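For reference, the structure discussed in these notes is given below.
Everything numeric in this text was worked out from a predicted model, so none of it was measured. Keep in mind that the numbers below use all heavy atoms, side chains included, and drop hydrogens, waters and symmetry copies.
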Amino acid sequence: TNLPERCEVSIYNVSGTLIRKYNKSDPTTEISWDLKNQSNVPIASGLYLIHVNAPGVGEKIVKWFGVLRPVDLQGF
């Protein structure tokens, strides 16, 4: 939330592997992450680093901790 009109958002795991990258260039102030990587595979629970780079504005790094529920295979 509170993103500038143009920015690049990169999401990394704690080992520094790029998980997902978004290039934002619209007037909305947020990006919704579906908690999947670039290959459309759900991410694991854990700590992620979010790097926001906005040309002419600056950079920001956010630490995010996410916990996902285990998959219920009995519900099928």
Side-chain angles (χ1 to χ4, degrees):
T1 60
N2 298 325
L3 295 171
E5 188 172 318
R6 292 186 48 213
C7 66
E8 180 180 83
V9 178
S10 303
I11 303 167
Y12 300 89
N13 62 14
V14 290
S15 66
T17 303
L18 179 64
I19 302 297
R20 188 101 183 237
K21 184 180 276 191
Y22 292 96
N23 288 309
K24 182 183 164 315
S25 60
D26 57 35
T28 61
T29 60
E30 64 184 36
I31 291 177
S32 295
W33 180 26
D34 59 2
L35 301 179
K36 295 180 181 178
N37 64 15
Q38 293 287 74
S39 301
N40 208 28
V41 176
I43 61 164
S45 300
L47 181 66
Y48 291 88
L49 304 173
I50 302 169
H51 178 256
V52 179
N53 184 14
V57 177
E59 297 180 48
K60 175 83 174 172
I61 296 175
V62 178
K63 297 172 189 92
W64 181 78
F65 179 73
V67 179
L68 302 174
R69 294 180 352 159
V71 177
D72 180 14
L73 298 178
Q74 301 300 323
F76 291 98

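- The aromatic rings of Tyr48 and Trp64 sit tilted, their planes meeting at an angle between 30° and 60°.
- Hydrophobic clustering, with ILVMFWY side chains joined whenever heavy atoms are under 4.5 angstrom apart, keeps Tyr12 apart from Val52.
- In terms of heavy-atom proximity, Asn53 sits nearest to Glu59 at OD1-CG, 3.5 Å.
- Note that the CG atom of Leu49 and the CG atom of Leu18 stand 11.5 Å from one another [nearest 0.5 Å].
- Here the OG-CD1 distance, from Ser10 to Ile61, works out to 10.5 Å after rounding to the nearest 0.5 Å.
- Lys21 places no side-chain N or O within donor-acceptor distance of the main-chain N or O of Gln38, the cut-off being under 3.5 Å.
- Smallest separation of non-hydrogen atoms from Thr17 and Asn13: N-OD1, 2.9 Å.
- A salt bridge links Arg20 to Asp34: at least one charged side-chain nitrogen sits closer than 4.0 Å to a carboxylate oxygen.
- Residues Lys36 and Val41 fail the side-chain proximity criterion, which asks for heavy atoms closer than 4.5 Å.
- Considering NZ of Lys24 and CD of Glu5, their distance stands at 6.5 Å, rounded to 0.5 Å.
- Counting heavy atoms from C-beta on, the side chains of Tyr22 and Ile50 never come closer than 4.5 Å.
- Remark: Ile19 CD1 to Leu35 CG distance equals 11.5 Å, nearest 0.5 Å.
- When all heavy atoms are compared, the tightest approach of Pro55 to Cys7 is CD-CA, 4.4 Å.
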